Amino acid sequence: MTGKFISFEGPDGAGKTSVLHAILDRLTPMLGEQLVITREPGGRDNQVAEAIRDLVLSPAYPAMDPWTEAMLYAAARRQHVVETIRPALADDKVIISDRYLDSSIAYQGGGRELGAERVADLNQYATNGLQPQATIYLDLAPEVGLARIQATRQDEINRLDVEALAFHQRVSAAYHDLIAADPDRFWVIDASQPLEQVVADAWDAMQHILTLPTEA
Ligand SMILES: Nc1ncnc2c1ncn2[C@@H]1O[C@H](COP(=O)(O)OP(=O)(O)OP(=O)(O)O)[C@@H](O)[C@H]1O
Ligand SMILES: [Mg+2]
């Protein structure tokens, strides 16, 4: 395996999608066809994973059991790893994912209180241990992210966005436990800054990450 796998993580409304979009404008001229942008739940050109995304994010299913939810995320991830991420890495691509495994540990493990370790164990079936070489974490108090979403994205508030603030505080705490356990993988960025500054910091991190040696 020769490519690079990078994930973007952080609470709802931290700016993951906005920042990724902005740095894409700079990465595309550098990397061209070598760059693959993908997301979770779901995945680039991944019909199965995107179909599971539609199901798991739909507000139409308030009765969904937390373990059902966790297993659906893991199932989507399995398909994403097998069909999208591993082939891209084998093809020497730089693959950047808007969310990956850490999100399940934070949201289902922490937010839904299933337990970080148990959700990590479940996801062994999905990832076979595949972790990103680097994770850009957009750090933001959950209430700030929720306020951003409520102010600007009223039309697309999904099932998790409407969870109580306590849920999002557990998500944030679980993310911070992950960062503390694996500080070398995480590049933590202050996402409370103006978007241009968050983009500038993410771009600096990305330039460092792209010079890291690839894993054999
Ligand atoms: N640094 C910032 N300052 C102020 N507003 C921001 C900032 N970053 C993003 N926003 C705004 O906050 C909203 C949420 O941003 P975005 O969708 O990029 O977050 P996200 O992390 O991808 O959220 P989600 O986890 O829900 O997908 C958008 O309307 C965006 O314009
Ligand atoms: Mg997003």
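In this text the structure is predicted, and so the values were computed from the model without any measurement. For this chain, numbers begin at 1 and follow the sequence in order. Both ligands and their constituent atoms are indexed starting at 1 by order of listing.
Not a single N, O or S atom of S18, from either the backbone or the side chain, sits less than 2.8 Å from the Mg ion (ligand 2).
Figure legend: R78 and Y125 shown without cation-pi pairing, the cationic atom not lying both under 6.0 angstrom from the six-membered ring centre and within 45 degrees of its axis.
Taking any N or O of G15, backbone or side chain, at least one lies under 3.5 Å from an N or O belonging to ligand 1. For ligand 1, the polar-atom distance check against L195 finds a nitrogen or oxygen pair separated by under 3.5 Å. On a distance-only criterion, R99 and ligand 1 share at least one N/O pair closer than 3.5 Å. In terms of polar-atom proximity, A14 is counted as a contact of ligand 1, with an N or O under 3.5 Å from an N or O of the ligand. Checked by distance only, ligand 1 and G13 come closer than 3.5 Å through their nitrogen or oxygen atoms. Among the atoms of Q193, some N or O lies under 3.5 angstrom from an N or O of ligand 1.
Proximity of L138 to ligand 1, defined as any heavy-atom pair under 4.0 Å, is not found for any part of the residue. No part of S192 comes within 4.0 Å of ligand 1, judged by heavy-atom distances. Contacts between A151 and ligand 1, counted as non-hydrogen atom pairs separated by less than 4.0 Å, are absent for every part of the residue.
In summary, R99 and D12 engage in a salt bridge, as defined by a charged side-chain N under 4.0 Å from a carboxylate O.
Within the listing of ligand 1, atoms 26 (O) sit less than 4.0 angstrom from a heavy atom of I149. The distance from ligand 1 to the heavy atoms of A191 drops below 4.0 Å at these ligand atoms: 1 (N). Every atom of ligand 1 with a heavy atom of P194 under 4.0 Å away is listed here by number and element: 1 (N).
Using a non-hydrogen distance threshold of 4.0 Å, G10 does not register as a contact of ligand 1.
When atom types are taken as modelled, the side chain of T68 and the backbone of M64 share no donor-acceptor pair closer than 3.5 angstrom.
Counting all heavy atoms, side chain and backbone alike, T84 lies closest to R44 at OG1-O, 3.4 Å. Residue S104 comes nearest to V119 through the heavy atom pair O-CG1, 3.6 Å, listed as atom of the first residue, atom of the second, then distance.
For atom 30 (C) of ligand 1, the choice among G145, S18, A22 with the nearest heavy atom turns out to be S18.
Here the two rings, on Y73 and H80, have centers that are 6.0 Å apart or farther.
Ring geometry, H208 versus W187: the interplanar angle falls under 30°, so the pair is classed parallel (tilted spans 30 to 60°).
One finds the CD atom of E40 at 10.5 Å from the CD1 atom of I52 (value rounded to the nearest 0.5 Å).
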Note to self: One pair to check against side-chain contact (heavy atoms from CB on, under 4.5 Å): L140 and R148. What are the steps and the verdict?
What the structure shows: CA-CA 11 Å; L140 188 69; R148 283 182 188 170; 3.6 Å; yes
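Other residues, nucleotides and ligands contribute over 12 non-hydrogen atoms within 6.0 Å of the CD atom of Q124.
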